Amino acid sequence: MSTYESEFLRVLESRGYIHQVSDAAGLDALARDERVISYVGYDCTASSLHVGHLNTIMMLHWLQQTGNKPIALMGGGTTRVGDPSGRDETRKLLTYEQIDANKESIKKTFSKFLTFGDGASDALMMDNAEWLAGLNYIEMLRDVGRHFSVNRMLTMDSVKLRLEREQELSFIEFNYMILQSYDFVELARRTGCNLQMGGSDQWGNIVNGIDLGRRMGTHPLYALTCPLLTTASGAKMGKTAAGAVWLDAEMLSPYDYWQFWRNTEDGDVVRFLKLFTTLPLDEIEKLAALGGSEINEAKKVLATEATALMHGRAAADQAAETARKTFEEGALAATLPTVEIAKADLDGGLGVLTAFAQTTGLVASNGEARRQVKAGGLKVNDATVTDEKATLTARDLTAEGVIKLSLGKKKHVLLKPV
RNA sequence: GGGGGAGUGUCCCGAGCGGCAAAGGGGGCGGACUGUAAAUCCGCUGGCUAUGCCUUCGUAGGUUCGAGUCCUACCUCCCCCA
């Protein structure tokens with residue numbers, strides 16, 4: 001099981017992507033002798049994917065790099081139903097308009113990692129709304145529903161956990177796994193798809209799809225899942241101060257994205273280098289040898305490489321440079337996130353609380369700003385704010401013509417009069 | 001259909017004799033220590049035009065000087081019986 005013959009599985013294995021595989025030997029042979037056509041499905045529940053989605057995107061990336069064909073499946077149809085996996089409560093239903101808007105926004109991300117086109121190993125973008133939205137209920141029950149045993153569905157983790165915890169599981173959610181299974185069969189028929197990948201929480205749904213394929217007479221189908229992303233200290237990854245770590249630059253700036261990776265825990269650095277950069281393993285080995293505080297060098301490499309993949313090399317280098325100036329030189333980096341204000345506001349004197357809360361949004365409210373002042377967490381031009389009634393004026397402008405506002409040691413924003 | 005129980009600070013879990021902006025956790029944020037790490041310790045964790053005002057305990061009414069706390073109806077969920 002540990003030595004695969006196909007390049008595809010060898011790469012995934014060596015970089016730590018493999019959690020479970022349905023028929024490892026069979027899939028290995030397929031990847032070695034023929035071509036793997038694999039898909040990952042993405043729900044359209046938000047307007048951007050977040051780092052939690054990154055490992056499956058990277059799996060698609062490596063799939064393509066090793067000569068196979070990736071399919072990014074937008075869950076335009078399944079999102080209308082809602083996946084109960086790993087959730088205690090029913091998601092609230094999104095409107096079709098929201099789903100479509102999210103879908104369009106999410107699509108952009110994939111072009112960074114995959115090459116789309118019509119060639120044999122070019123990536124495809126599909127949307128399951130295409131075949132799910134128009135399904136006829138009676139036909140669906142006869143063609144697909146009869147292959148599902150409720151007895152068995154009740155034993156699936158996503159269902160069982162809800163029942164055991166005595167938490168509501170609505171019928172609409174109960175159907176999610178049927179739709180996802182059907183997706184697999186439909187993709188197998190339409191594109192020759194033979195492998196579905198996903199996070200480990202998707203195992204049950206994927207295996208159901210394999211069974212359905214067998215019953216409905218498709219070619220053999222395979223499942224491959226990756227471990228769920230958690231930090232070394234066990235926390236679920238993807239959450240940060242401001243919320244999720246979004247992939248879309250409009251929702252999280254490349255600089256903040258870089259910072260997220262820069263702040264990785266020591267114990268995660270090597271694992272993340274393998275998962276979220278495309279650096280060769282021998283280079284990662286060298287970085288892994290760094291001890292003590294030298295590991296910070298590895299973290300910078302991680303941050304820059306991961307950011308380069310997502311936002312481009314130029315943005316990554318700039319983020320690294322901004323961070324270097326800010327943290328290592330203690331200098332003022334003009335490339336820090338900047339908020340423009342009207343000159344007139346400054347002439348009249350801008351209250352510090354207002355500046356931090358309303359103007360820059362560094363803190364959520366005036367009250368929060370007040371508390372931070374008390375805790376010594378706010379700084380103007382690196383000087384701690386001690387008077388919550390202080391005002392900012394043109395005199396506070398630095399030689400560079402800006403005012404630097406900081407929350408804690410890591411979050412900085414520049415105010416720039418226009 | 002009958003009987004019993006539950007819904008709390010819009011991140012979560014959870015206490016709550018009629019005087020409560022509401023115990024305690026977790027999480028988060030800030031501070032100290034460090035290496036922009038982890039662990040640890042300390043502080044904070046409704047909003048505002050702020051010695052006061054406003055909004056919060058499933059929903060809508062009611063009793064009361066005063067209700068998360070009592071009463072009524074409704075909604076949702078759970079358990080037992082049928």
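These numbers were taken from a predicted model, which means no experiment stands behind them. Letters A, B, ... mirror the listed sequences (proteins, then strands); counts begin at 1.
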Protein N or O to nucleotides 30-34 of chain B N or O, pairs below 3.5 Å:
{"residue": "G30(B)", "atom": "OP1", "partner": "K411(A)", "partner atom": "NZ", "Å": "2.6"}
{"residue": "G30(B)", "atom": "O4'", "partner": "Q372(A)", "partner atom": "OE1", "Å": "3.1"}
{"residue": "G30(B)", "atom": "O2'", "partner": "A375(A)", "partner atom": "O", "Å": "3.4"}
{"residue": "A32(B)", "atom": "OP2", "partner": "K409(A)", "partner atom": "NZ", "Å": "3.1"}
{"residue": "U34(B)", "atom": "O4", "partner": "K409(A)", "partner atom": "NZ", "Å": "3.3"}

Could you list, one pair per line, each protein nitrogen or oxygen that sits under 3.5 Å from a nitrogen or oxygen of nucleotides 55-57 of chain B, together with the distance?
none

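Under the 30°/60° scheme for interplanar angles, the aromatic rings of Y257(A) and W261(A) are found to stand perpendicular.
Following rounding to the nearest Å, D268(A) (CG) and A38(B) (P) show an atom-to-atom distance of 10 Å. One atom, CG of L290(A), and another, P of G35(B), lie 16 Å apart when rounded to the nearest Å. L302(A) has its CG atom 16 Å from the C1' atom of G35(B), to the nearest Å. N263(A) has its CG atom 13 Å from the P atom of G28(B), to the nearest Å. Following rounding to the nearest Å, K300(A) (NZ) and U36(B) (P) show an atom-to-atom distance of 9 Å. Remark: P of A37(B) and CH2 of W261(A) are 17 Å apart, rounded to the nearest angstrom.
With respect to the salt-bridge test (charged N to carboxylate O, under 4.0 angstrom), the residues K69(A) and D122(A) do not qualify. Between E13(A) and R10(A) there is no salt bridge, since none of the side-chain N atoms of the basic residue sits less than 4.0 Å from a carboxylate O of the acidic one. Taking 4.0 Å as the cut-off between side-chain N and carboxylate O, R370(A) and E388(A) count as a salt-bridged pair. Using a 4.0 Å cut-off between charged nitrogen and carboxylate oxygen, D266(A) and K299(A) count as a salt-bridge pair. Of the charged side-chain nitrogens involved, at least one lies within less than 4.0 Å of a carboxylate oxygen, so that E104(A) and K107(A) count as a salt-bridged pair. Salt bridge status for R371(A) with E368(A): present, with a side-chain N to carboxylate O gap under 4.0 Å. A salt bridge does not link K379(A) to D382(A): none of the charged nitrogens lies less than 4.0 Å from a carboxylate oxygen.
A donor and an acceptor atom, one from each side chain of T56(A) and Y42(A), are located under 3.5 Å apart. Checking S406(A) against H412(A) by side-chain atom types alone, a donor-acceptor pair falls below 3.5 Å. When only modelled atom types and interatomic distance are considered, Q65(A) and E7(A) share no side-chain donor-acceptor pair under 3.5 Å. In this structure, a donor-acceptor pair under 3.5 Å is absent between the side chains of N102(A) and S105(A).
Under the rule for a salt bridge (Lys or Arg N to Asp or Glu O under 4.0 Å), E283(A) has no partner lying at least two apart in sequence or in another chain. Every side chain to side chain contact (heavy atoms under 4.5 Å, CB included) that E186(A) has, sequence neighbours left out, goes to W131(A), Y182(A), R190(A).
Within residues 346-368 of chain A, the residues approaching RNA chain B are S365(A), N366(A), G367(A), by heavy-atom distance under 4.0 Å. Less than 4.0 Å separates RNA chain B from at least one heavy atom of each of the following residues of residues 324-333 of chain A: F327(A).
In C29(B) the base sits anti relative to the sugar, since the glycosidic angle is further than 90° from 0.
Taking a pair to require two hydrogen-bonding distances under 3.5 Å in either a Watson-Crick or a G-U wobble arrangement, G66(B) remains unpaired. In this entry A50(B) has no Watson-Crick or G-U wobble partner, no candidate having both defining distances under 3.5 Å. In this structure, C44(B) and G28(B) make a Watson-Crick or G-U wobble pair, each of the two defining distances being under 3.5 angstrom. For A21(B), there is no paired base (Watson-Crick or G-U wobble, both distances below 3.5 Å).
If you check every strand for non-hydrogen atoms under 4.0 Å, K299(A) touches a base. No engagement by E294(A) is indicated, since no non-hydrogen atom pair under 4.0 Å with the nucleic acid exists.
The side chain of E265(A) lies closest to A37(B), out of G35(B), U36(B), A37(B).
For the pair R371(A) and R262(A), both in contact range of RNA chain B, the more 5′-proximal nearest nucleotide belongs to R262(A).
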